[in-house]
Amino acid sequence: QVQLVESGGGLVQPGGSLRLSCAASGFTLDYYTIGWFRQAPGKEREGVSCISFSDRSTYYADSVKGRFTISRDNAKNTVYLQMNSLKPEDTAVYYCAAVPLGPSYGSSWSDRNEYHYWGQGTQVTVSS
């Protein structure tokens, strides 16, 4: 059974850090592009970051550039999102998603419709 499981969310003060993990089971991540998305209450789900399967190119939303870092460990079949200097506006449910090889030609990494598999999400709350 294909499954993605996120972990690592929680409550953190502004300026703090968290590391989210996305563990895959039932398939190997080697040939999948992995994206992280988030959804805050009352808002659309938005792309946060992405790492390609091939050259491990990384992409970030402008709102998180310089603060978040995506990485992958294929040996552990896991992708990580290191989040530093967290802000209250980063509060959301964070999801990881996978697409074989990558988004369709001409599509954006942040287009959630391109992704085939999704995790159940992990809550991140940034508050003092």
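On a predicted model such as this, the values are computed, not experimentally measured, just so you know.
Checked by atom type and distance alone, the side chain of Glu6 never pairs as donor or acceptor with a backbone atom of Thr122 at under 3.5 Å. Between the Ser85 side chain and the Gly15 main chain, no donor and acceptor come within less than 3.5 Å of each other. Side-chain atoms of Tyr80 do not come within 3.5 Å of backbone N or O of Thr69 as any donor-acceptor pair. Looking only at distances, no side-chain donor or acceptor of Gln123 sits under 3.5 Å from a matching main-chain atom of Gly9. Under a 3.5 Å cut-off, the side chain of Arg112 and the backbone N or O of Arg45 do form a donor-acceptor pair. The main-chain N or O of Gln13 is never found under 3.5 Å from a side-chain atom of Ser128 such that the two would form a donor-acceptor pair.
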Q | Audit row: Glu114, Ser104, side-chain contact (heavy atoms from CB on, under 4.5 Å) steps and yes/no | A | CA-CA 7 Å; Glu114 291 289 318; Ser104 304; 2.9 Å; yes

Q | Criterion side-chain contact (heavy atoms from CB on, under 4.5 Å) on Thr33 and Trp109, from CA distance to verdict | A | CA-CA 9 Å; Thr33 289; Trp109 66 268; 6.0 Å; no

Q.
Would Ile34 and Phe53 count as a side-chain contact (heavy atoms from CB on, under 4.5 Å) here? Give the steps.
A. CA-CA 8 Å; Ile34 306 300; Phe53 85 99; over 6 Å; no

Q. What do the steps show when you test Arg38 against Ser63 for side-chain contact (heavy atoms from CB on, under 4.5 Å), and what is the final call?
A. CA-CA 12 Å; Arg38 67 185 181 187; Ser63 58; 3.4 Å; yes

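Distance CD/Gln39 to OH/Tyr94: 12.0 Å, rounded to 0.5 Å. Between Met83 atom CE and Trp36 atom CH2 the span is 8.0 Å, to the nearest 0.5 Å. Between Ile70 atom CD1 and Tyr60 atom OH the span is 6.5 Å, to the nearest 0.5 Å. One distance of note links CD of Gln120 with SG of Cys96; it measures 8.0 Å at 0.5 Å rounding. A distance of 9.0 Å separates CZ in Phe68 from CG in Leu18, rounded to the nearest 0.5 Å.
Atom CD of Glu44 has 12 or fewer neighbouring heavy atoms from other residues, nucleotides or ligands inside a 6.0 Å radius.
Leu81 and Val12 end up in the same hydrophobic cluster when Ile, Leu, Val, Met, Phe, Trp and Tyr side chains are linked at under 4.5 Å. Leu86 and Val64 fall within a single hydrophobic cluster, where Ile, Leu, Val, Met, Phe, Trp and Tyr are joined by side-chain heavy atoms under 4.5 Å apart, directly or via other members.
Residues Leu29 and Cys22 approach most closely at CD1-O, 4.4 Å, considering heavy atoms. Heavy atoms only, all atoms of each residue included: Ala40 and Ala92 are closest at N-CB, 3.8 Å. In this structure, Val2 and Gly26 approach most closely via the heavy-atom pair CG2-O, 4.2 Å. The two residues Tyr59 and Ser57 come nearest to each other via the heavy atoms OH-CB, 3.7 Å.
Among pairs with a residue in residues 21-31, those fulfilling side-chain hydrogen bond (donor to acceptor under 3.5 Å, both in side chains) read Thr28-Asp30, at least two apart in sequence or across chains.
Ring pair Tyr95/Trp118 is perpendicular by interplanar angle, where above 60° counts as perpendicular and below 30° as parallel.
Lys43 is linked by a salt bridge (Lys or Arg N to Asp or Glu O under 4.0 Å) to nothing, counting only residues two or more places apart in sequence or in another chain. Residues forming a ring-ring contact (aromatic ring centres under 6.0 Å, His included) with Tyr115 (at least two apart in sequence, or on another chain): Phe37.
Counting heavy atoms from C-beta outward, Pro88 and Pro14 have side chains that approach closer than 4.5 Å. With a 4.5 Å cut-off on side-chain heavy atoms, Ser127 and Leu11 count as touching. The shortest distance between side-chain heavy atoms of Ser71 and Gln82 does not fall below 4.5 Å.
When each of Val79, Thr78, Asn77 is tested with Arg72 by the rule side chain to side chain contact (heavy atoms under 4.5 Å, CB included), just one qualifies, namely Val79.
A salt bridge between Lys87 and Asp90 is absent, with no side-chain N of the basic residue lying under 4.0 Å from a carboxylate O of the acidic one.
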